[in-house]
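Written below as structure tokens is the structure these notes are about.
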Amino acid sequence: MQPAQPGALPSFKPLPGNRPDAPHLDARRRDGSTRRGEGRRASIGLGAASAFGLAASLALAAVPGLGADSGQAPRLDVGVAASGDAGAPRSVSASPGADPDVGAAWWAPVARAGDASVTLHWAAPSLDALKGYEVHRGTELDGPFHRITPGPLGQRHFADLTVTNGVTYYYVVRAIGFPEVTLAAPAISATPRPFSSDAEFLELLQATAFDYFWFEANPANGLVRDRSTPDSFCSIAAVGFGLTAIGIGIDHGWISRIAGRDRTRATLETFWEQPQGPESSGAIGYRGWFYHFLDLDRATRFQQVELSSIDTGLLLAGVIFAREYFAATDPVEGEIRALANALLARVDWGWMLAGGSLLSMGWHPERGFIEHRWIGYNEAMILYVLGLGASRDPLPATCWEAWTRGYRWETHYGQSFVVFPPLFGHQYSHCWIDFRGRTDAFLRARGIDYFENSRRATLAQRAYAIANPRGHPGYGPWVWGLTACDGPGLPSTLGYRARGAPPPENDDGTLAPTAVGGSLPFAPEVCLPTLRHLYDQYRAQLWTAYGFRDAFNLRVGWWDPDVLGIDQGPMLLMAENHRTGRVWRRFMQAPEVQRGLARAGFGPTD
């Protein structure tokens, strides 16, 4: 069916500036401390529909406003959203339109149905007069529709977890403006069903994680929010995961190649064109390195964060993947490759050594280099590989030996491996680098590669949860996962910390699904059943429009309200590596990666 024809649209009176001061957020630090930073609401309204690469027009239906306490919408003359244009996720979508009187650009919702769940996303009218959004649901196209959101939503996503499998639901999203002013998109349908296979579950897990990087990005500059709050700043590590997510999204048909290509080019242009310099504000980075967090609109340093070496490394991994992925003769794809090469060549690797043999964790314009250095074993393995393989002024080969001097080989729960208690340290580098069948001098002497090392660390952590030496409620064979994550911050619990085991580190009973999802390729026989158990058992509290929440704690009944980019990235990429290996295959084609591994002494596992 075609979308309904537009009715008479009431005019919006613009609100004066819709950018209030935002509340303080816990900004994440990998050293275990917490930085309190003030976020700022970012305006990422669509404006021109071309921002998503969409071309066809979508009718806007004007519907009467509802009372604040009303639970039922009137019967609406709406159509089912048609199959989408290349720029929209293809599962269920519609094309945008604009009304010249209102200046509104609207993208109808995208729905994803799972086992007893439906998730919705939508883009915003380019108006400053919005109070929020309401979601209305019915079981017939012509209604009645009942409001299922308690009040206007501040975000453009919603997870409906009160659905029955086998029932087809119709959803209408309403944008609420001044009194008696409401816009409604065409209805969209979804039918939840039990998963028919593990592959179907993983497809939903990946699709919802991908949605984070597509919908929580500023389409004008490609910057991705650190977390799923409207006032979040950008995390450059999340951008690195997001650049890789785009290729996965194209391969799965969630977006078109054109839409992904255009978003990728906009992202790389931002990092190439924004100013670099030693000034304390107004720059995106210095000497080819980039600040950990950026203002989502201006793409410049957020507050007084550090110029981060590891987060730049994760960003560059995404840049390299984008270059390898967009290999067609299309002129825009050629621009992507040129921008990627320029960004890689600009990095001053020797400068970040700060006169030593190990990379500094970062630099502040106010006080210089951070004293702490990256010494193994942790997430910085990929940073050294890229630095050793750089085409311009690479790191000395001796850096790898210096890095491995920090390794601790231990045995826990019958597993012998290089220890790093939080699982993210065993996962991040593996998101891009395929370490199977190749190893360095340190692990060659022990007869394994880094893939096997991460497998052993994963199995040892699960064994720790089964043993549960601290007696946390819920821990067991299908409830585990310790890594860096938020925490309740209540008595006897911590806030954001790098949690891990074995040996136990900051284990206060807080678990993170990304710890399990990020290890999927290493131990699918335990990771996949655990993820499915978490979905089945705790879906009502733990599942969101972007998949799993960051963390939860059963002892205090706490469920993190946020979703984090650096959680969804590893789950998306590692699920893809487990299922197809496509991220590994493309990334491993890069000459920088091959040179870096060779200069670090990697060779076939004996």
Using side-chain heavy atoms (C-beta onward) and a distance below 4.5 Å, is L353 in contact with C399? yes
Under the salt bridge (Lys or Arg N to Asp or Glu O under 4.0 Å) rule, what do R227 and D550 come out as? Steps first, then yes or no, please. CA-CA 9 Å; R227 57 180 64 218; D550 171 56; 6.0 Å; no
Min side-chain heavy-atom separation L359-Y384 under 4.5 Å: yes
Does the pair S519 and Q427 meet the rule for a side-chain hydrogen bond (donor to acceptor under 3.5 Å, both in side chains), with working shown? CA-CA 7 Å; S519 283; Q427 297 167 349; 2.9 Å; yes
Do P219 and R263 touch side chain to side chain, with heavy atoms closer than 4.5 Å? yes
Taking the six-membered ring of W409, is NZ or CZ of R446 closer than 6.0 Å to its centre and within 45° of its axis? yes
Checking side-chain polar atoms at under 3.5 Å, does D567 have a donor or acceptor matched by the opposite partner on Y212? no
Is the gap between the ring centers of F435 and W584 under 6.0 Å? no
Please examine the side chains of W480 and L423, heavy atoms only from C-beta on, and report whether any two atoms are closer than 4.5 Å. yes
Does the separation of the ring centres of Y546 and H121 fall below 6.0 angstrom? yes
Would you confirm whether the ring centroid of F522 sits within less than 6.0 angstrom of the ring centroid of H426? no
Please indicate whether E371 has more than 12 foreign heavy atoms, meaning atoms of other residues, nucleotides or ligands, lying under 6.0 Å from its CD. no
Residues which pass side chain to side chain donor-acceptor pair (under 3.5 Å) with H578, listed by chain and number, not counting sequence neighbours: none
Check the pair E401, S357 against side chain to side chain contact (heavy atoms under 4.5 Å, CB included), reporting the backbone distance first and the verdict last. CA-CA 9 Å; E401 182 182 355; S357 58; over 6 Å; no
Ring centers of F602, W400 separated by less than 6.0 Å: yes
Between E324 and R586, does any NZ, NE, NH1 or NH2 come within less than 4.0 Å of an OD or OE carboxylate oxygen? no
Basic-acidic side-chain contact under 4.0 Å: E592, R323: yes
Donor-acceptor pair, side chain of R555 and main chain of H472, under 3.5 angstrom: no
Take D393 and D348, measure what side chain to side chain contact (heavy atoms under 4.5 Å, CB included) needs, and give me the verdict at the end. CA-CA 7 Å; D393 298 328; D348 189 340; 5.9 Å; no
When the ring planes of F420 and F424 are compared, do they come out parallel, tilted or perpendicular, using 30° and 60° as the limits? perpendicular
Are side-chain heavy atoms of V418 and Y450 found at a separation under 4.5 Å? no
Check whether the ring centres of W363 and W351 lie less than 6.0 Å apart, and answer yes or no. yes
Report yes if the distance between the aromatic ring centroids of Y377 and Y407 is under 6.0 Å, otherwise no. yes
Using a distance-only test with no angle check, is there a side-chain donor-acceptor pair under 3.5 angstrom linking N553 and T510? yes
